[in-house]
*Asks:* 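First the structure, which I've put down as structure tokens, then a few questions once you've had a look.
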Amino acid sequence: MSGKEGSGGFRKRKHDNFPHGQRKEEKENVNPSSALMTSFKSFQLELDTRHDKYERLVKLSRDITIESKRTIFLLHRFTSAPNGEEILNESEVKLDAVRRKIKQVAQELIGEDMYQFHRAISPGLQEYVEAVSFQYFIKTRSLISVEEINKQLIFTVENREETTNMTSNSHDKQPHTWSLKVTPVDYLLGVADLTGELMRLCISSVGNGDIDTPFELSQFLRQIYDGFTFIGNTGPYEVSKKLYTLKQSLAKVENACYTLKVRGSEIPKHMLADVFSTKTELIDQEEGLS
């Protein structure tokens, strides 16, 4: 055993050689008003402020995610509702509420580098992209662009009280308008999640006797899948992970179209949805075993 080790075999720490009273005296001799302590206190304040802001953004992102999911669930009733226009109007009201939450995020990020807080807000933005693109597809049968999404996220100051509550540098003039831009990665991840909702829309449409929608969705999903394949492994890791799920959704919709084309005349319309659901479960089981 080395002489530097104690009886228990553990190496002594260097400060163990100093008496405890001496260390206490050193702490008492620290000048709290020194330049070094002042710098550390300012660093502590800055880190605490940044951490508090990060936590507020996480909570806002969670609220955005929840409200966006509720909008998606509402839009799935579009195919079975007697008046689809009411569903679209109600979904627009819900999306406006989500944008008010995003507006609070934009206020928190005034004067900040968004990418320092991107991890906190990314889940909510992805879910919002999924919801707004799902509504846009139901309306126009096309894919909304990231530029169109960002146009909806430009906000203005409504009153003086809101202006004074915004977090920004006191030396800077408060802006009358500000925005929060969805990053290309968040847009791609939101569109990838959209394909799962379109697959569910395909199944529900067939159950309601709509035979044309599955073929439209199949062509649309094929175009999205072809676009993602151009990115391949050159894009972010999260995008490449979504590609497998996208391929699954496309396979299920194409299988539904195949069943409609080959056996559509043999199966009663009210039983088509059950047939598709059974086939979808079989596909999931096969992919899980492979």
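The chain is numbered in sequence order, starting from 1.
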*Asks:* Hydrophobic clustering (ILVMFWY, side-chain heavy atoms < 4.5 Å, transitive) - are Tyr136 and Ile154 grouped together?
*Replies:* no

*Asks:* With rounding to the nearest 0.5 Å, note down the distance linking CZ in Arg222 to CD in Glu254.
*Replies:* 4.5 Å

*Asks:* Quick check: do Lys242 and Asp193 have side-chain heavy atoms less than 4.5 Å from each other?
*Replies:* yes

*Asks:* Working to the nearest 0.5 angstrom, can you tell me the gap between Lys59 NZ and Gln104 CD?
*Replies:* 12.5 Å

*Asks:* Evaluate the criterion side-chain contact (heavy atoms from CB on, under 4.5 Å) for residue pair Arg70 and Leu74; output intermediate values, then yes/no.
*Replies:* CA-CA 6 Å; Arg70 289 174 179 172; Leu74 173 66; over 6 Å; no

*Asks:* Say whether, by atom type as modelled, one donor and one acceptor occur between the side chain of Arg200 and the main chain of Gly196 under 3.5 angstrom.
*Replies:* yes

*Asks:* Between Ile66 and Lys101, does a side-chain contact (heavy atoms from CB on, under 4.5 Å) hold up when you go through it step by step?
*Replies:* CA-CA 11 Å; Ile66 293 172; Lys101 292 288 184 180; over 6 Å; no

*Asks:* Do Phe73 and Leu198 sit in one hydrophobic cluster, given that two such residues count as connected whenever their side-chain heavy atoms are within less than 4.5 Å of each other, even indirectly?
*Replies:* no

*Asks:* Which pair of heavy atoms, one from Pro214 and one from Cys257, lies closest together, and at what distance?
*Replies:* O-SG, 3.2 Å

*Asks:* Salt bridge or not for Glu67 and Lys94, using N-O below 4.0 Å?
*Replies:* no

*Asks:* Do Val182 and Ile231 share a hydrophobic cluster, counting only Ile, Leu, Val, Met, Phe, Trp and Tyr and linking them when any side-chain heavy atoms are less than 4.5 Å apart?
*Replies:* yes

*Asks:* Taking a hydrophobic cluster as the set of Ile, Leu, Val, Met, Phe, Trp and Tyr residues connected by side-chain heavy atoms closer than 4.5 Å, whether directly or through intermediates, do Tyr115 and Trp178 fall within one such cluster?
*Replies:* yes

*Asks:* Decide yes or no for Arg100 and Asp96: does some side-chain heavy atom of the first lie under 4.5 Å from some side-chain heavy atom of the second?
*Replies:* yes

*Asks:* Can you tell me if Tyr128 and Arg99 form a side-chain donor-acceptor pair at under 3.5 Å?
*Replies:* yes

*Asks:* Is Val132 close to Glu148 at the side-chain level, that is, under 4.5 Å between some pair of heavy atoms?
*Replies:* no

*Asks:* So, does Ser68 use its side chain to make a donor-acceptor pair with the main chain of Thr65 at under 3.5 Å?
*Replies:* no

*Asks:* Taking Ser122 for the side chain and Arg119 for the main chain, is one N or O donor matched with an acceptor at less than 3.5 Å?
*Replies:* no

*Asks:* Is the number of heavy atoms from other residues, nucleotides or ligands within 6.0 Å of CD (Glu55) greater than 12?
*Replies:* yes

*Asks:* Could you give the distance from OG (Ser133) to CG (Leu194), rounded to the nearest 0.5 Å?
*Replies:* 4.0 Å

*Asks:* For Glu130 and Ile72, run side-chain contact (heavy atoms from CB on, under 4.5 Å): C-alpha distance rounded to whole Å, both residues' side-chain angles, the deciding distance at 0.1 Å, then the answer.
*Replies:* CA-CA 8 Å; Glu130 182 181 354; Ile72 293 172; 3.7 Å; yes

*Asks:* Which atom pair, heavy atoms only, marks the closest approach of Ala120 to Pro123?
*Replies:* O-CD, 4.0 Å

*Asks:* Quick one: are His76 and Phe134 in side-chain contact, heavy atoms under 4.5 Å?
*Replies:* yes

*Asks:* Give a yes or no on this: more than 12 heavy atoms of other residues, nucleotides or ligands lie within 6.0 Å of atom CZ of Arg141.
*Replies:* yes

*Asks:* Any side-chain heavy atom of Ile149 within less than 4.5 Å of one from Val129?
*Replies:* yes

*Asks:* Check side-chain hydrogen bond (donor to acceptor under 3.5 Å, both in side chains) between Thr79 and all other residues, then give those that pass, not counting sequence neighbours.
*Replies:* Asn208

*Asks:* Find out whether Leu57 and Lys53 are in side-chain contact, i.e. whether some heavy atom of one side chain is under 4.5 Å from a heavy atom of the other.
*Replies:* yes

*Asks:* At their closest point, which heavy atom of Leu243 faces which heavy atom of Tyr225, and how far apart are they?
*Replies:* CD1-CE1, 3.9 Å

*Asks:* How far apart are the C-alpha atoms of Val93 and Asn89, what are their side-chain angles, what is the distance that settles it, and do they pass the side-chain contact (heavy atoms from CB on, under 4.5 Å) test?
*Replies:* CA-CA 6 Å; Val93 173; Asn89 292 335; 5.9 Å; no

*Asks:* What are the two closest non-hydrogen atoms of Lys181 and Met114, and how far apart are they?
*Replies:* O-SD, 3.8 Å

*Asks:* Roughly how far, to the nearest 0.5 Å, is the NZ atom of Lys151 from the CD1 atom of Ile144?
*Replies:* 10.0 Å

*Asks:* CG/Asp186 to CD/Glu127 distance, rounded to the nearest 0.5 angstrom?
*Replies:* 12.0 Å

*Asks:* If you look at every heavy atom in Gln135 and Ser91, which pair is closest and at what distance?
*Replies:* NE2-OG, 3.0 Å

*Asks:* Which pairs with one or both residues in residues 191-222 pass ring-ring contact (aromatic ring centres under 6.0 Å, His included), sequence neighbours excluded?
*Replies:* Phe137-Phe220

*Asks:* So, Ser61 side chain and Gly124 main chain: donor-acceptor pair closer than 3.5 Å or not?
*Replies:* yes

*Asks:* Quick one: which of Leu109, Ile110, Asn150 gives a side chain to side chain contact (heavy atoms under 4.5 Å, CB included) with Leu180?
*Replies:* Leu109

*Asks:* Atom NZ of residue position Lys139 - does it have more than 12 heavy atoms of other residues, nucleotides or ligands inside 6.0 Å?
*Replies:* yes

*Asks:* Do Thr49 side-chain atoms and Leu45 backbone N/O form a donor-acceptor pair below 3.5 Å?
*Replies:* yes

*Asks:* Roughly how far apart are Asn83 CG and Phe78 CZ, rounded to 0.5 Å?
*Replies:* 9.0 Å

*Asks:* Which heavy atom of Ala131 sits nearest a heavy atom of Leu95, and at what distance?
*Replies:* CB-CD2, 4.1 Å

*Asks:* Would you check if Ile102 and Phe155 make a side-chain contact, meaning some heavy-atom pair closer than 4.5 Å?
*Replies:* yes

*Asks:* Can you find a heavy atom in the side chain of Val105 that is under 4.5 Å from one in the side chain of Phe117?
*Replies:* no

